[in-house]
Amino acid sequence: MSIKQVGIVGSGIMGAGIAESAAVHGFEVVLRSRSQSTADSMVAGLEKSLAKQVDKGKLSEAERDGALERLSAVTDLGALSGCDLVIETVVEDLAVKKHLFSELDRICGEHTILATNTSTLAVVDMAMETGRPEKVCGIHFFNPAPVMGLVEIVRPLTASDDTISSARAFAEACGKDAVEVKDQAGFIVNALLFPYLNNAVRLLESGVASRDDIDAAMKGGCGFPMGPFALLDLVGLDTSVAILDALYDEFRDPHFAVVPLLRRMVAAELYGRKSGKGFYDYHR
Ligand SMILES: NC(=O)c1ccc[n+]([C@@H]2O[C@H](COP(=O)([O-])OP(=O)(O)OC[C@H]3O[C@@H](n4cnc5c(N)ncnc54)[C@H](O)[C@@H]3O)[C@@H](O)[C@H]2O)c1
């Protein structure tokens, strides 16, 4: 199926990033936020991000203008009815996502593919909320979506080959490398990454080394572009706890059991970059 118009539900870190990637690569994008003020600030954020790319010479002014023209921000979910593909990027909470899938199934045209950007949750649980489980899959972008080169295409037991190949074609048209993975918590990247991030917090909590030394060690010793605490702040500590909880629920492996410090930081609303403070302070 050829995808032209893409709906994005959720205007957080990932919604904004995926909307930008898709609009820059020629797709018509309808971005749905729950409030007009969030929709407006999201468009302002996208304008800023695109302007930066023009300054860096990565995008021409005409390409920026084209991307902005292809983008519209709405609050009514009904505005997504004509989309060929809808990707949800709302909070990592299965109940919220299941409810959204049943709504999207009711609203969207029969041909629409419904996808989730979940990091860990079972895609089949969302598929079974709809009357079109064969047209549901995971399209898992990474953060920041306009920059990161990978997309995981997640195949639940219910998905058709057509759905998976359309999702792959969309990801590739956004300039990404696509890998296909079964519908198992954490897919490839997060199943490997999150035990590492959790163990970094464990090291810090037990006083083995400081935040700065652990981050410096993993950058200098492993060649990673950023250390685990900078990465946790980028992902969002609340999202990270939700991901680890979903991994623990699936596998019951102690490596996935959230380290108490991480959970306490979320309780204190220290979410990382998005709240201005996490392991690092971004107000300074
Ligand atoms: N942050 C990352 O690094 C990352 C990477 C890949 C995938 N993901 C996944 O993408 C999804 C979104 O993550 P994010 O980092 O953009 O989160 P975020 O906290 O930045 O944004 C979440 C969005 O969900 C909305 N929301 C919250 N509660 C809602 C509700 N009850 N109904 C509808 N919308 C609601 C919020 O208003 C916000 O727009 C999650 O499934 C997450 O696992 C995140």
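In each ligand, atom 1 is the first atom listed, and ligand 1 is the first ligand listed.
Sorted by chain and number, the residues within 4.0 Å of ligand 1 by heavy atom are Gly10, Ser11, Gly12, Ile13, Met14, Arg34, Thr89, Val90, Val91, Glu92, Val96, Lys97, Asn117, Thr118, Ser119, His140, Phe141, Asn143, Val235, Thr239, Lys274.
In this structure, Ser240 OG and Tyr271 OH are separated by 12.5 Å, a value rounded to the nearest 0.5 Å.
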List the atom pairs, donor and acceptor, that lie under 3.5 Å between side-chain atoms in residues 75-87 and the rest of the protein, sequence neighbours left out.
unit_1, atom_1, unit_2, atom_2, d
Asp76, OD1, Gly78, N, 2.9
Ser81, OG, Gly78, O, 3.3
Asp84, OD1, His111, NE2, 2.9
Asp84, OD2, Lys4, N, 2.8
Asp84, OD2, Gln5, N, 2.9

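Residue pairs meeting the salt bridge (Lys or Arg N to Asp or Glu O under 4.0 Å) criterion with at least one member in residues 259-272, sequence neighbours excluded, are Asp245-Arg263.
Between Val24 and Glu63 the shortest side-chain heavy-atom distance does not fall below 4.5 Å. A 4.5 Å side-chain heavy-atom check between Leu100 and Val90 finds at least one atom pair inside the cut-off.
Under the salt bridge (Lys or Arg N to Asp or Glu O under 4.0 Å) criterion, Asp105 pairs with Arg132, not counting sequence neighbours.
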